[in-house]
Amino acid sequence: MTDVTRATDGRRVYLDKQHPASYQALLRTAETVRAEAARAGLDRILVELVNLRVSQINGCASCLDVHTRAALRSGDTPRRLGVLPAWRETELFTPRERAALALAEATTHPADGLAQDRAYEEARAALDDDEISAVIWVAITINAFNRVSIMSRHPVREPAAPVRDANAPVEDAGGAVRDR
């Protein structure tokens, strides 16, 4: 095992680095699932809600970091993302999103047949068969990525500070741009 394949704690193996062909296959699966979801009519915000909810349930910090940023770039709001763990207790999510979130949770806990039955019932009222299938595939795929990241213990780090030109103008606290 090389240093590049060993996680920062020295005990975990970065599964994506140790077996890159397997990880690349998973990435291709995710690309296909995203394309199928779009063809089924699922917008990127709904897909990211599913990715986030599954990652919350699984406790995957790395995937939460990636998909929070993706959801915000897609136009979702910090408020909705902040209450996502309690989505059932709010009125911030559409019937389609609620159906997708219920399916995502049922997919993440496959042993709970009653939850699956309830989720399908809710989904049938808001989604067609293509959309139901696409949501479940999104949930299956992010569950796989969660397991890779959790078992690899992929870190979540602060981004590196941008390198600034010492002569570049700066913005003051009031938003005014001034020379250094």
Side-chain angles (χ1 to χ4, degrees), residues 7-9 11-16 22-23 25-34 36-38 40 42-127 129-157:
T8 55
D9 68 2
R11 292 179 294 240
R12 301 285 179 109
V13 172
Y14 283 137
L15 301 174
D16 49 329
S22 297
Y23 188 71
L26 187 56
L27 287 173
R28 286 190 302 277
T29 298
E31 290 170 11
T32 300
V33 167
R34 255 192 318 275
E36 290 291 335
L42 302 183
D43 64 39
R44 189 61 187 256
I45 288 175
L46 188 145
V47 169
E48 292 306 335
L49 287 173
V50 169
N51 286 332
L52 282 168
R53 185 65 192 124
V54 170
S55 299
Q56 288 170 343
I57 292 166
N58 289 326
C60 184
S62 179
C63 293
L64 285 167
D65 181 50
V66 167
H67 293 287
T68 296
R69 288 183 282 121
L72 291 169
R73 278 192 312 272
S74 296
D76 215 333
T77 66
R79 182 179 185 208
R80 282 174 27 110
L81 299 182
V83 299
L84 184 57
W87 63 269
R88 286 183 176 87
E89 309 304 320
T90 77
E91 296 179 5
L92 298 179
F93 300 94
T94 68
R96 286 169 48 83
E97 291 168 339
R98 297 172 77 75
L101 291 167
L103 279 174
E105 290 179 358
T107 303
T108 304
H109 297 293
D112 188 345
L114 187 57
Q116 287 180 17
D117 291 342
R118 284 192 302 255
Y120 258 98
E121 184 178 318
E122 188 172 347
R124 288 272 177 227
L127 304 169
D129 286 354
D130 266 354
E131 294 167 326
I132 290 170
S133 179
V135 166
I136 293 170
W137 273 107
V138 169
I140 288 168
T141 305
I142 192 63
N143 267 293
F145 277 104
N146 286 172
R147 279 138 181 85
V148 169
S149 288
I150 290 167
M151 293 308 296
S152 299
R153 198 171 277 154
H154 287 153
V156 176
R157 296 185 179 106

Review point. More than 12 non-hydrogen atoms from neighbouring residues, nucleotides or ligands closer than 6.0 Å to CZ on Phe93, yes or no?
Key: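 Atom CZ in Phe93 is crowded, with more than 12 foreign heavy atoms closer than 6.0 Å.
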
Review point. Do other residues, nucleotides or ligands put more than 12 heavy atoms under 6.0 Å from the CZ atom of Arg88?
Key: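 Yes, because the 6.0 Å sphere around CZ of Arg88 holds more than 12 heavy atoms from other groups.
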
Side chains of [X] and [Y]: does their closest heavy-atom pair fall under 4.5 Å?
X      : Y      : value
Asp117 : Glu121 : no
Arg73  : Arg44  : no
Trp87  : Glu105 : yes
Phe145 : Tyr23  : yes
Val148 : Tyr14  : no

Strictly distance-based, threshold 3.5 Å: is any side-chain N or O of [X] a donor or acceptor partner for the main-chain N or O of [Y]?
X      : Y      : answer
Ser149 : Ser62  : no
Asp65  : Ala61  : no
Ser152 : His154 : no

**Study point:** With Ile142, the side-chain contact (heavy atoms from CB on, under 4.5 Å) member among Arg147, Glu48, His67
**Key:**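 The residue from Arg147, Glu48, His67 that satisfies side-chain contact (heavy atoms from CB on, under 4.5 Å) with Ile142 turns out to be His67.
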
Under-4.0 Å salt bridge between [X] and [Y]:
X      : Y      : value
Arg124 : Asp129 : yes
Arg96  : Glu131 : yes
Arg53  : Glu97  : no

Review point. Is there a side-chain contact (heavy atoms from CB on, under 4.5 Å) between Leu127 and Leu103 once you walk through the steps?
Key: CA-CA 11 Å; Leu127 304 169; Leu103 279 174; 4.2 Å; yes

Point to revise | Residue list, salt bridge (charged side-chain N to carboxylate O under 4.0 Å, His left out) with Glu122, at least two apart or on another chain | key: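 Here no residue qualifies.
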
Point to revise | Test salt bridge (charged side-chain N to carboxylate O under 4.0 Å, His left out) applied to Glu36 - qualifying residues, sequence neighbours left out | key: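 Checked Glu36 against salt bridge (charged side-chain N to carboxylate O under 4.0 Å, His left out); matches are Arg39.
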
How long is the gap from [atom1] on [X] to [atom2] on [Y], to the nearest 0.5 Å?
X      : Y     : atom1 : atom2 : value
Leu52  : Cys60 : CG    : SG    : 11.0 Å
Asn143 : Asn58 : CG    : CG    : 5.0 Å
Leu84  : Thr90 : CG    : OG1   : 9.0 Å
Thr68  : Leu81 : OG1   : CG    : 6.0 Å
Ile150 : Cys63 : CD1   : SG    : 7.5 Å
Trp137 : Thr32 : CH2   : OG1   : 10.0 Å

Check your understanding: Between Ala119 and Ala102, what is the shortest heavy-atom contact and its length?
Key ->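 Answer, listing the atom of Ala119 first, then Ala102: CB-O, 3.5 Å.
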
Review point. Which atoms form the tightest heavy-atom contact between Ala134 and Ala40, and what is the distance?
Key: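 Closest approach of Ala134 to Ala40, heavy atoms only: CB-CB, 4.0 Å.
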
Practice item. Show your working on side-chain contact (heavy atoms from CB on, under 4.5 Å) between Val135 and Leu46 and close with a plain yes or no. Key: CA-CA 9 Å; Val135 166; Leu46 188 145; 4.1 Å; yes

